[in-house]
Each structure stands twice: as structure tokens, then as C-alpha cells.
Amino acid sequence: MEYNFIEIEKKWQNNWKASKAYQVSNDSSKPPFYVLDMFPYPSGAGLHVGHPLGYIASDIYSRYKRLKGFNVLHPMGFDSFGLPAEQYAIETGQHPAATTQKNIATFKDQLDKIGFCYDWSREIRTSEPDYYRWTQWIFLQLFKSWFNPQSNKAESIQTLIQQFETSGGDDFSAEDWKSFSKNKQQDILMQHRLAFSAFGEVNWCEALGTVLANDEVVNGVSERGGHPVIKKKMRQWYLRITDYADRLLEGLNTVDFSDSMKEMQRNWIGKSEGCEMDFEVPNQTGNNDAFKIKVYTTRPDTIFGVDFLVLAPEHDLVNQITTEAQRGSINEYLTYVKSRSDRERMAEVKQITGCFTGAFAINPFNGKQIPIWIAEYVLAGYGTGAIMAVPCGDQRDFLFAQHFEIPITNIIGNHFDGTQANPTKDATLQASDFLNGLLMKNAIKVAIEKIESLGIGKRKVNFKMRDAGFSRQRYWGEPFPIRWEDGIAIASEETQLPLELPHVEKYGPGPEGEGPLANIESWKNEKFETSTMPGYAGSSWYFLRYMDPTNSSTFCDKKVSDYWGQVNVYIGGTEHAVGHLLYSRMWTKVLFDLGYIGFDEPFKRLVNQGMIQGSSRFVYRIKGTNEFVSFGLKDNYETDELHVDVNFVDGIELNTAAFSNWKPDYANARFILEEGKYLCGVEVEKMSKSKFNTVNPDDLVLKYGADTFRMYEMFLGPIEQSKPWDTKGIEGVHRFLRKLWRLFNDDVKGKVWNEENATDAELKILHRTIKKIESDTENFSYNTAVSAFMVCVNELSDLKCHKKTILENLLILLMPYAPHISEELWHQLGHATSILDAAYPKFEASYLVESSKSYPISINGKLRTNIEISLAAEQSEVEQIVLSNEVVQKWLEGNAPKKIIFVKGKMVNVVV
RNA sequence: GCCCAUGUGGCGGAAUUGGUAGACGCAGCAGACUCAAAAUCUGCCAUUCGCAAGGGUGUGAAGGUUCGAUUCCUUUCGUGGGCACCA
């Protein structure tokens with residue numbers, strides 16, 4: 001009987017489906033365990049081999065936990081709002097709802113073939129009204145809440161109103177508050193709401209009449225059409241995530257994420273401590289009102305080394321302080337900056353740009369006049385948008401000063417050599433008045449105290465993180481349940497939700513860059529907000545909905561979320577390190593503060609999967625011809641590099657016949673070969689349809705079966721590591737499964753397994769495997785687990801062990817990895833119930849006890865021989881054995897050893 | 001530019017806390033079985049010197065700590081991911 005994986009996999013997939021084997025109840029005596037995948041965006045390209053990497057890992061873990069006696073929640077759904085579907089709609093006229101529907105069907109079909117244990121009865125789609133009704137509801141909670149710094153948590157906006165009514169606010173009294181107009185009151189409240197509206201900059205493309213995503217902007221022009229793109233201020237919604245900055249930092253101490261992941265989040269939040277300080281700018285028009293420029297610095301200790309101030313080009317005061325003489329150049333510079341993205345502005349430090357405003361500020365400590373410049377390396381969004389530049393202590397300031405020939409003041413003596421800045425805090429200050437003689441790091445505190453006592457500034461904690469933009473001028477997203485009346489945002493009634501996305505025929509932008517919803521008359525008449533929510537809205541809370549997916553009275557019953565609790569293990573790519581993970585952490589904290597859930601961190605443990613990259617192949621067409629030249633000869637010609645479908649290439653050798661048949665253009669292609677072959681160029685890059693480097697899992701499942709595919713993906717390498725896909729090697733895993741099969745069945749003789757008693761040697765193999773698989777599975781070290789299965793089956797085959805007592809335990813260990821073949825063989829062994837709920841084998845250490853070990857013997861750290869020594873032997877005994885050894889004596893050359901290092905159970909090193 | 005990760009045979013990778021570098025698999029080579037092929041099985045497989053025994057070198061590069069470094073430290077180069085409107 002042969003291993004017919006096609007039949008076996010179909011049989012058990014149908015069987016599990018019919019018996020609802022993967023349906024999970026919210027009511028169980030077993031302890032709960034929640035294993036979650038980052039749900040996919042259902043792109044039109046379908047699933048490629050990169051997607052299942054994390055899904056297989058989580059599937060293995062879920063199945064393993066189920067064997068260990070847990071009630072495992074393992075759901076899947078779709079993040080189905082998003083830009084690509086809309087772009088596709090603009091190009092083809094097909095409604096995003098229709099294409100999304102179709103793409104999801106394809107995804108589900110592909111996922112099912114791999115044999116995942118998802119409870120599909122809990123599937124969610126963020127673009128369904130039943131789902132986004134609750135996204136809108138949570139948005140309203142954010143809108144109706146503020147962050148109370150006293151209680152350090154979100155509270156109803158009503159408590160703030162009460163506070164204003166009884167004791168007023170920062171700069172107004174209770175009486176003032178009551179006298180304010182309704183609009184003014186609402187404006188003030190808006191400055192505290194967790195979801196708020198304000199003006200912010202967007203990428204605006206005049207030619208296309210629309211706002212563009214950063215992705216759609218390439219080198220400062222639109223990807224479509226290559227039109228210029230500038231910054232434009234528009235009214236936008238934001239989430240006040242900065243109020244949660246400290247709690248987002250603290251929360252990292254309570255979760256099990258990798259250190260690098262925590263580091264990335266900490267850096268993103270970017271907490272820094274320093275101070276704000278005012279620099280006066282005498283008003284040149286003779287008015288006595290001087291301007292004040294507020295700078296933020298983390299290095300107030302360097303105050304006597306300030307040689308110039310730099311403002312962000314967008315800074316409010318730029319226009320007012322610029323002198324007439326400089327106005328022309330400043331305007332020119334502003335135009336240049338408008339065309340540059342933040343990224344470009346920070347990245348190209350080699351190219352130093354800036355412009356002098358003509359104005360001078362006064363250093364409050366020594367009265368020195370310092371020139372004020374504007375430069376693109378200062379960003380308006382961070383700090384106060386103005387910095388004090390200290391060239392001797394900051395390399396960027398140093399290069400700027402050098403480039404524009406601004407004289408440099410040295411405040412650290414010979415710690416500064418005039419050729420580069422010294423950014424350390426370990427130098428002793430000189431020429432710094434009251435700070436003279438202090439170490440810089442100690443001077444920071446002294447300087448801040450002085451600044452505060454002089455009343456020219458104050459201590460200030462700053463965050464790099466900015467409030468999160470929450471508006472998109474798009475169609476395919478959640479509508480805001482907000483109407484605008486006389487400039488006041490009015491929340492929809494919660495009972496009126498969902499506010500359904502209206503059907504449109506055209507997806508073009510509305511007037512003035514508004515979203516497509518602005519083109520719908522009824523929508524405008526109702527005064528509804530015309531932008532929609534961003535992609536991360538739906539994904540910020542979906543893990544809660546899986547717990548209680550069909551509840552129509554609340555987003556998730558508190559009793560249910562209390563039962564499941566936090567996601568125990570969350571698996572997904574590092575590309576979400578900062579965006580999605582921070583947003584969902586914030587939403588969870590808000591829902592916790594408001595009492596809707598009982599935990600304030602969503603994910604207890606995070607496992608990052610690496611990205612599977614594509615390995616692209618290139619051919620080289622000689623310019624203006626239909627002739628293709630092999631890789632090694634391409635430098636002799638002028639060529640165009642073209643992606644070629646990786647499926648036409650064996651290694652790097654092109655199948656020229658298949659290539660010619662690929663596209664009509666290539667039908668008459670001619671080839672210049674090297675050594676009779678056409679060789680392709682190779683590059684590792686993102687797996688993408690447009691690069692023709694995608695590999696479809698369906699083909700592999702068809703050819704080798706789902707079990708082989710699952711194990712091969714895990715065998716590729718550590719789960720968290722990125723690696724290019726290579727199908728070579730899958731044969732080895734397939735051979736392993738066939739070898740396993742032959743322990744039970746012979747192709748000719750049929751059944752070969754028996755009920756004999758196991759020998760010690762066989763039990764040793766089994767228990768070593770149990771131990772290894774259990775710890776590897778817990779640690780997500782699946783590549784070594786697969787290897788351990790191979791070793792086990794190799795050894796059992798060598799011993800000709802066909803014993804049921806050994807094999808049935810092996811099957812349970814293997815089930816999470818290769819469920820179909822395990823279930824089939826399990827039943828062949830005579831079991832009537834499913835292997836899905838078998839009991840995990842228990843490891844017995846007694847089978848592995850050894851009495852002696854072959855110790856490696858090194859001379860001066862170099863391995864020279866091995867000696868079998870009892871594990872009970874102590875140092876003196878071991879020394880005796882080692883020194884009498886022939887090989888050791890040869891290396892000693894008659895000398896006595898200096899030292900003998902003996903690590904029990906490990907090794908011996910003789911130092912000569 | 002900044003942040004994070006990463007670099008080991010022809011290839012994917014393994015190596016517990018600093019303790020035998022190259023497990024397992026792919027590819028390759030030689031052989032067995034076969035009319036033949038597939039499948040399967042056996043052996044070899046970092047590099048270099050050597051008939052062999054045995055020795056030298058070797059974990060991106062250069063230094064350092066240590067009896068001992070793929071592992072720890074410093075410097076440096078390459079590659080991948082992220083950088084706020086892709087998801």
C-alpha cells in the first residue's frame with residue numbers, strides 16, 4: 001500500500017469539516033488558550049508561499065496546545081478594507097466589494113488546502129457592516145473620551161466638562177467656560193478628545209486632484225502620471241496616541257515580545273527628556289514686541305556653545321522674522337522644501353541645504369547675537385520645530401556651520417578638535433560661565449534649574465511619536481459616524497450604527513481633494529464626514545471580535561473576553577512592529593480604561609515570522625532588438641534587464657522554449673548562449689506578482705501534499721528569519737514522510753506494524769524525540785523539530801522497528817506538523833477516535849540515563865582525541881586517565897601540563 | 001541618514017550557559033538492485049598538505065577578552081526590513 005497523500009488529505013479534510021472538529025466553544029471546562037495570526041489583506045494576487053509561513057507555525061502551536069488539553073481559540077479573518085482594492089476599482093470600474101469578495105474566496109480556498117485548524121464559524125471581515133459597526137462604535141468611544149493625566153487613563157468627556165464647569169481649565173475660569181460660545185466650547189473639548197479633528201498636512205497632487213499615500217509618491221512625483229506632489233493642509237481626524245506614550249512604554253515590560261521588537265517600539269515612541277527655552281528676537285520694525293522662539297533641546301548644558309538657531313521651514317515665525325533683504329531667497333527655499341518628503345529631508349544629510357532669514361536672536365545667558373536659519377533637516381512635527389545649534393557637540397550642526405561658514409564656538413577645549421563634532425557628554429565645560437568645570441552630563445540638571453529659575457523655559461519630556469492620522473480621502477474604508485454642523489462635529493447615535501458605506505459608481509476624488517463620498521449628494525446633504533477611516537482601524541481590535549463574532553448587542557461580551565483573556569500567542573511579520581501593534585495596544589488600553597474589557601495589553605506573547613522573499617531571475621535583451629544575451633556576456637552589449645518568470649528557470653538556466661512561448665513578443669526571440677546555455681541574472685527581493693518571482697502553494701500541495709508542504713516550510717529555517725524561497729529541497733521532506741509510511745506499510749506486503757514490546761533502544765529513541773519535539777515546539781524552533789523527526793524515523797528504520805507502542809506516540813508528536821498522514825496512520829493502528837484529541841506522550845527521563853561519555857580531549861583548546869570516561873568520574877580520576885592517554889602524552893612531549901580544565905559532562909582541556 | 005535584524009560548506013541551515021563547528025536536508029560523486037528507468041538502499045562529500053597515519057587553515061573583515069569564541073567586547077563592510085496615508 002502506497003502513501004497516497006491526495007486521497008488521504010481529501011478524506012480527512014472532509015471528515016474534519018463534517019465533524020466540525022475545529023469548532024471552539026466559549027464554554028469549556030478546559031483552560032483557554034488563544035493563538036492568533038495577523039489576518040491578511042486579501043490581495044488580488046492570491047496566496048503565495050510567504051503567507052503560510054506564519055499560519056503553519058501558529059497552526060502547529062494550536063494543535064500542540066489542544067493535545068496538551070487546552071481549549072484553543074484559533075480563528076482567521078480578513079482585513080478587507082484598503083487601498084489596493086480601490087485603485088483596482090479606479091482602473092477597472094469593478095466595485096471593491098465585489099473584488100474583495102472574490103479575493104477572499106480564493107484565499108479561503110487556498111488556505112483550506114493546507115489543512116489549517118481554523119474555526120471558520122468565527123471568520124470576520126473588516127469591510128462587513130456587521131463588523132465595522134463596532135469599529136465605528138469604538139471610534140465614538142474615543143471621540144467621547146479624554147485622557148485624564150491625573151488618573152492616567154481615559155475617561156468620559158463628561159468628566160472634563162464637569163471640571164471646566166466647576167474649576168475652569170488651564171487658561172480660563174469656570175465663569176469663562178460658561179460664557180464661551182458653543183463653538184468655542186466644542187473647540188476646546190476637541191483639543192482633549194482621544195479621537196479629534198485638526199489640520200494636518202497631506203500629499204496633495206494637483207494634477208490628479210487627490211491626496212496620495214506615501215506609497216503612491218515616488219521621488220516627489222505621483223506614481224501614476226509622474227505629476228508634482230506638494231504638502232497641503234487639510235482637516236483631518238487624529239487619535240491622541242501621544243497621551244498613551246508613557247503607558248505604551250510601561251506596558252512593554254509586561255509582555256513577551258522580542259527585545260528587538262520592544263526596542264523598535266521604544267525608539268518609535270522616542271521619549272526624551274530635556275527642556276524648552278525661549279530665545280528673544282528683537283522686532284526690527286521698531287515695535288517693542290519682541291518675538292520669542294521656543295526651542296527644544298536635550299542638551300541645555302551646551303547653551304554657551306550655541307552659534308545659530310534653525311527653524312523648520314514650516315515654522316510659524318519664519319514669515320514674520322525674515323528680513324526684506326532675505327525674503328527672496330527664503331521664498332525660493334520654501335518652494336524647494338515643499339516638494340520634499342520628510343524621508344528625503346532626513347536621509348540626504350550629505351546634501352546640506354538651508355537659508356538665512358536675516359534675523360538674529362539673543363542668547364539669554366550671554367546676550368550674544370545668533371543668526372536664525374531655516375533648514376529642511378529640522379522637522380516641524382518634532383519638539384517645537386526649532387533647535388539651537390551647537391556645532392562643537394552635534395555633527396549635523398557642525399557640518400551645517402562648516403558649509404555655511406558660520407563661526408564655531410568651542411566650549412569643551414581640547415575635546416573638540418575642529419574637524420568633527422564631539423557628541424559625548426563626558427567633556428568638561430569651559431567658557432560657559434556658571435557651568436564652567438562641570439562634566440557635561442552633570443551640567444544638564446544645573447542648566448535646567450537655572451533656566452527654570454530665570455523663567456525663560458522649563459523642563460520638558462518629549463516624544464518622537466506623533467498623534468496618529470486617522471483620516472483618508474478614500475472610498476474603501478469605514479465611514480465616520482460624524483456629521484458636521486456649523487463647524488461642530490456631532491456624533492451619530494450609537495443605535496444608528498452601522499453607518500453604511502454608500503454604493504458609488506465612480507471612485508474619483510471629490511472636490512478640493514475630499515474623499516469620493518463628497519460626490520454623493522445624499523451624503524453631503526446629511527453633512528456626514530466625507531473622509532473614511534484608515535486601514536488600521538479595523539485591525540486595531542479584531543482579536544476581540546473573534547471571541548464573540550456574532551454578538552449583535554456589543555462588540556464583545558465582557559464575560560467572553562474575561563474567559564479568553566489576552567491573546568496568548570500572536571504571530572506575524574516584523575513589518576507591523578510599530579504601526580499596527582502600537583495602535584491595537586492603544587485601543588486595548590482605551591477599552592480597558594472605559595471598563596469594556598479586563599486587560600490592557602492585547603498580546604501576551606508575540607512571535608515574529610521572517611519574510612519569505614522571492615528570488616528573481618533576469619534576462620538581458622539587447623537594446624532595440626529581440627535578441628537576448630546570457631548573463632555572463634551581457635556586458636559586451638547595451639541591454640535592458642527584464643524580469644523573467646522564475647517558473648521558466650531551472651537554477652539559473654533559462655528554458656528558452658518556455659520563455660519563447662510566454663508572450664507573443666518573445667515568440668521569435670533569439671538567444672546568445674554561453675557554453676550552450678542561457679544563464680539568468682539573480683536578485684533577492686520582495687515576492688510580488690509584478691516581479692514574476694511568486695511561487696504558488698497550490699502547485700506544491702498538489703504535487704507533494706499539504707503535509708509535505710507544511711513541514712517543508714517549517715524546515716526552511718528559523719521562523720523569525722527572512723529567507724528567499726527555494727523549492728529545491730522539498731523532495732527531502734516528502735521522502736521523509738514516505739519513509740515514515742513504510743514503518744507502517746510495505747508497498748508489496750501491506751501492513752507491517754506489529755504489537756510487539758519495545759526494546760530499551762527503541763524507547764530511548766522515542767523519549768529523546770518526545771523531549772526534543774516538546775521543547776522545540778514550545779520555542780517555535782520548528783526547523784530543528786522537523787530535523788528531529790527525520791532522525792527518529794531514520795533510527796527506527798535502521799532498527800526495523802514497526803512496533804505500535806512506539807509508532808502511535810510518534811504519530812501524536814507529529815500530528816501538529818503533518819495532521820493528515822498522522823490521522824490516517826492513527827486509524828490504521830486501530831484507533832476509532834480522532835488523533836486531534838489524543839493525549840500528548842509523557843517524557844520519561846529514565847530511558848535516557850547514560851553511565852559514561854566520550855569526552856572530547858583538547859590540548860591548548862584544540863581537539864586531539866576522545867576518551868570514553870564514566871560520568872561519575874571526578875577531576876583527579878579524569879586527570880589520571882587523560883594523562884596516561886597515548887595521544888595526550890605525544891602532545892605533552894614529556895612536559896608536565898600547566899593546568900587541566902575539566903568540565904563535568906562536557907570536555908577536558910589540557911594546557912601545556 | 002536613523003532604528004531593528006542578519007552574515008557559518010556548492011545551497012537551506014545545526015551547534016543548551018563561552019566547551020567536539022558543519023546535525024538534518026538539498027545538490028553532487030561512487031556503488032547495489034533493475035533488461036532499463038523510477039523508487040529504494042549503501043558509501044563519500046568545508047578547504048589544503050599527505051599514499052596513509054596525521055597535520056595546517058576555516059563561522060563577512062580587522063582587533064580584543066579567555067585555558068577555550070560561531071557565541072562576549074570594539075571597529076568595519078555587505079544584505080534584508082521599518083521610518084508615520086501599503087497592509
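Computed from a prediction, not measured in an experiment: that's the story for all the values here. In the text below, chain A, chain B and the rest are named by the order of the sequence lines, each starting its count at 1.
Every residue two or more places apart in sequence or in another chain that forms a side-chain hydrogen bond (donor to acceptor under 3.5 Å, both in side chains) with A:Lys904 is listed here: A:Glu874. For the side chain to side chain contact (heavy atoms under 4.5 Å, CB included) test, residues two or more places apart in sequence or in another chain that qualify with A:Asp726 are A:Lys728. Applying the ring pair (Phe, Tyr, Trp, His ring centres under 6.0 Å) criterion to A:Tyr131, with sequence neighbours excluded, gives A:Trp541. Applying the side chain to side chain contact (heavy atoms under 4.5 Å, CB included) criterion to A:Asn794, with sequence neighbours excluded, gives A:Lys739.
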Report all interatomic pairs (protein N or O, nucleotide N or O of nucleotides 48-50 of chain B) with separations under 3.5 Å.
none

Short N/O separations, protein against nucleotides 77-80 of chain B, under 3.5 angstrom:
residue	atom	partner	partner atom	Å
B:G80	O2'	A:Gln613	NE2	2.9

Protein and nucleotides 38-47 of chain B: nitrogen or oxygen contacts under 3.5 angstrom:
residue	atom	partner	partner atom	Å
B:A39	O3'	A:Arg738	NH2	3.1
B:U40	OP1	A:Arg738	NH2	2.8
B:U40	O3'	A:Arg742	NH2	3.4

Close N or O pairs between protein and nucleotides 55-57 of chain B (under 3.5 Å):
residue	atom	partner	partner atom	Å
B:G56	OP1	A:Arg864	NH2	3.3
B:G56	OP2	A:Arg864	NH1	3.3

Identify the pairs formed between an N or O of the protein and an N or O of nucleotides 63-67 of chain B at a distance under 3.5 Å, and give each distance.
residue	atom	partner	partner atom	Å
B:C67	O2'	A:Asn909	ND2	3.4
B:C67	O2	A:Asn909	ND2	2.5

Which atoms of nucleotides 29-33 of chain B (N or O only) lie under 3.5 Å from a protein N or O atom, and what are those distances?
none

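Checking B:C24, B:C86, B:C85 against the side-chain heavy atoms of A:Met790 singles out B:C24 as nearest. Comparing atom distances between the A:Trp268 side chain and each of B:G25, B:A84, B:A87 picks out B:A84 as nearest. Checking B:C86, B:U20, B:G19 against the side-chain heavy atoms of A:Leu863 singles out B:U20 as nearest.
The backbone N or O of A:Arg474 lies less than 3.5 Å from a partner atom in the side chain of A:Thr532, making a donor-acceptor pair.
Within the structure, salt bridge (Lys or Arg N to Asp or Glu O under 4.0 Å) contacts touching residues 774-796 of chain A (residues at least two apart or in different chains) are A:Lys65-A:Glu778, A:Lys68-A:Glu774, A:Arg768-A:Glu795, A:Lys772-A:Asp776.
The same atom, P, is picked in B:A69 and in B:C51; the two are 32 Å apart, to the nearest Å.
Rounded to the nearest 0.5 Å, atoms NZ (A:Lys853) and CD (A:Glu868) are 9.0 Å apart. In this structure, A:Met38 CE and A:Gln609 CD are separated by 8.0 Å, a value rounded to the nearest 0.5 Å.
Of the N and O atoms on the side chains of A:Ser471 and A:Gln473, not one donor lies less than 3.5 Å from an acceptor on the other residue. Inspection of the A:Tyr583 and A:Ser539 side chains reveals no N or O donor paired with an N or O acceptor under 3.5 Å. A donor atom on one side chain and an acceptor atom on the other are found under 3.5 Å apart for A:Thr242 and A:Asp467. Defined by atom type and a distance below 3.5 Å, a donor-acceptor pair is missing between the side-chain atoms of A:Gln87 and A:Glu91.
In this structure, B:G28 and B:C44 make a Watson-Crick or G-U wobble pair, each of the two defining distances being under 3.5 angstrom. Nucleotide B:U6: paired with B:G78 (Watson-Crick or G-U wobble, both distances less than 3.5 Å).
A straight line from CZ of A:Arg768 to C1' of B:A23 spans 12 Å, rounded to a whole angstrom.
Looking at heavy-atom distances under 4.0 Å, A:Met465 makes contact with a base.
With its glycosidic angle more than 90° from 0, B:G13 adopts the anti conformation.
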Exercise. Taking protein heavy atoms under 4.0 Å as touching, what does nucleotides 2-12 of chain B look like 5' to 3' if B marks base contact, S marks sugar-phosphate-only contact and - marks none?
Worked result: -SSS------B

